2 protein chains.
Amino acid sequence: MYSSANVSERQGQAPSLAISTVIFALRTDAASDRSEIWLPLVRRIRQPHLGRWALPGGPLDGRESLQDAAARNLRETTGLEPTYLEQLYAFGGLDRSATQRLVSIVYWALVRPDQADLAQESENVRWFRASDVVGLAFDHDEIVAYALERLRGKIEYGSVAYHFLGDRFTLAQLRGVYEAVLGRHLDPANFRRQLRSAKDIAATDEVLQGGRNRPPRLYRYTGPHAGRPPS
Amino acid sequence: MYSSANVSERQGQAPSLAISTVIFALRTDAASDRSEIWLPLVRRIRQPHLGRWALPGGPLDGRESLQDAAARNLRETTGLEPTYLEQLYAFGGLDRSATQRLVSIVYWALVRPDQADLAQESENVRWFRASDVVGLAFDHDEIVAYALERLRGKIEYGSVAYHFLGDRFTLAQLRGVYEAVLGRHLDPANFRRQLRSAKDIAATDEVLQGGRNRPPRLYRYTGPHAGRPPS
DNA sequence: CTTGTTAGAGTCAGGATGACTATAACTCAT
DNA sequence: ATGAGTTATAGTCATCCTGACTCTAACAAG
């Protein structure tokens, strides 16, 4: 038995506070040539849930802001710097962990495909298709599901989609992001029309050469570049 | 000096975790007959910020879920049971409190006017117009501003407006809620048309008697009754 | 019974949306 | 070189939603 703590023993203790981060990246499936959402998970190297996959995270250090701690999760598991990082939700149910009362403040990040290709994989860090994750440690299954739900909600309204892509992108690539997140096909012509009226996207004078069809024009995102609400 | 703690001394300590709650209620201004957003604040009875007004809240007890702690804030300051209670944001900046590293998970609640009339006021609990609050303890000015912003965002999209009202209400009353939150005039005819297509609102066969004009029909909200996302 | 006020229905033009068609520009196989 | 296949990009058209507005109904107060 890895712990003798039970509910009555830990009633008086102050809850532990941890930060976790859901890191979403876009990967293009080589076979179908369609974009998909992936995320990195880390293998737990201690009890509870030893050996199972979990969201990157750890206890909150007294010297760090919440946002900084989430950025550190991102850096330590993938080697990447955050381009989009926002608070998702604070999870604090009584039965989240068998060994202690644990409150987790969860952030979510978006990284670009060129960054995701650089990210290290190892024995204890591996990338998974977001639609495949199941059987994670703690309540992390539900947290990932909730993060995907929020991602879907945000992409319709706001400006998150661009943060999945590099600074130059084609409209077909951007449409691929929307289709991957929303899970449905979008009409290319109508998609184009909508984005011409979107004000923080601008056409460049370059086109993407090297494809097997008519070369598409490259676009640029000119809006605000990071999502950081209050501190 | 109420504390000798400084930044370097508290670097190693685990952050304290507290729950606070922003409680919004609707009050009808007798003079202009227009609805306004009010909220109760409590006077601090200890350092830091002794004597200043602050959001109701306190440290998180190990036995309570986050939601339960927020409901307790509501109950203890107003005597009310929650009808709408949702997590707002977790604030964890390094300089929120001068005496300790403090992480606050903030909830927001909506209460109906009939409930707000029952709520006790006292020497240390008083209601304020939301647009007037300034000079609160800690960073609570910003928290209230952020809560109002979220309220505005949610009311356009979702079903929060009904939770400000009783189980029977006229369309003029509901429009008053929207106008108070959004801060602008809405056309009565267009507002009516939109709500006829809203599916979780149903007309009753009753009308409100006693006014000085044509008696308006009463409506009922039939959708889900509380906002509780994950735990 | 007239006046003032709100309730509630209806009209109309403009803008956005989804489905669809047509043409342009490129690569590749023959 | 030429035609087939594919994507880029523009345009059309009917429908729905929205804001501004008009009109009538139903009450209270004088």
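We name chains A, B, ... by the order of the sequence lines, and we start the count at 1 in each one. Just so it is clear, the model here is predicted, and its values are computed rather than measured.
A:Gln87 contributes no side-chain N or O that, together with a main-chain N or O of B:Tyr89, makes up a donor-acceptor pair within less than 3.5 Å. Looking only at distances, a side-chain donor or acceptor of A:Arg217 sits under 3.5 Å from a matching main-chain atom of A:Thr204. Proximity of a side-chain donor or acceptor of B:Glu36 to a complementary backbone N or O of B:Asp29 within less than 3.5 Å is not detected. Although no hydrogens or angles enter the test, the distance criterion places no donor-acceptor pair under 3.5 Å between the side chain of B:Thr78 and the main chain of B:Arg75. In this structure, the side chain of A:Thr21 does not engage the main chain of A:Ala71 through any donor-acceptor pair within 3.5 Å.
Atom CZ of A:Arg34 has 12 or fewer heavy atoms from other residues, nucleotides or ligands within 6.0 Å.
Ring orientation note: the planes of B:Tyr162 and B:Tyr221 are close to parallel, at an angle under 30° on the 30°/60° scale.
Residues of residues 175-196 of chain A having a heavy atom closer than 4.0 Å to DNA chain C, listed by number: A:Asp187, A:Ala189, A:Asn190, A:Arg193, A:Gln194. Of the residues in residues 206-220 of chain B, B:Gly211, B:Arg212, B:Asn213, B:Arg214, B:Pro215 come within less than 4.0 Å of DNA chain D through at least one heavy atom, sorted by number.
Considering CG of A:Leu218 and CD of A:Gln209, their distance stands at 9.5 Å, rounded to 0.5 Å. Note that OH of B:Tyr107 is 9.5 Å distant from CD of B:Glu86, once rounded to the nearest 0.5 Å. To the nearest 0.5 Å, the span separating OG on B:Ser104 from CG on B:Leu88 amounts to 11.5 Å.
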If you look only at distance, which donor and acceptor atoms sit under 3.5 Å apart when one is on a side chain in residues 135-142 of chain A and the other is two or more places apart or in another chain?
| unit_1 | atom_1 | unit_2 | atom_2 | d |
| --- | --- | --- | --- | --- |
| A:Asp139 | OD1 | A:Arg96 | NH2 | 3.1 |
| A:Asp139 | OD2 | A:Arg96 | NE | 2.7 |
| A:His140 | ND1 | A:Leu55 | N | 3.0 |
| A:Asp141 | OD1 | A:Gly135 | N | 3.4 |
| A:Asp141 | OD1 | A:Leu136 | N | 3.0 |
| A:Asp141 | OD2 | A:Gly135 | N | 2.9 |

Scan the side chains in residues 170-189 of chain A for donor-acceptor partners under 3.5 Å anywhere in the protein, sequence neighbours excluded, and list what turns up.
| unit_1 | atom_1 | unit_2 | atom_2 | d |
| --- | --- | --- | --- | --- |
| A:Thr170 | OG1 | A:Ala172 | N | 3.4 |
| A:Thr170 | OG1 | A:Gln173 | N | 3.1 |
| A:Gln173 | OE1 | A:Thr170 | N | 3.0 |
| A:Arg175 | NH1 | A:Glu179 | OE2 | 3.3 |
| A:Glu179 | OE2 | A:His185 | ND1 | 3.4 |
| A:Glu179 | OE2 | A:Leu186 | N | 2.9 |
| A:Asp187 | OD2 | A:Ala189 | N | 3.0 |
| A:Asp187 | OD2 | A:Asn190 | N | 2.9 |

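Protein chain A contacts DNA chain C from C:dT17 to C:dT27, reading 5' to 3' and using non-hydrogen atoms of the protein with a distance under 4.0 Å. Nucleotides of DNA chain D that come within less than 4.0 Å of any heavy atom of chain B span, from the 5' end to the 3' end, D:dT18 to D:dA28.
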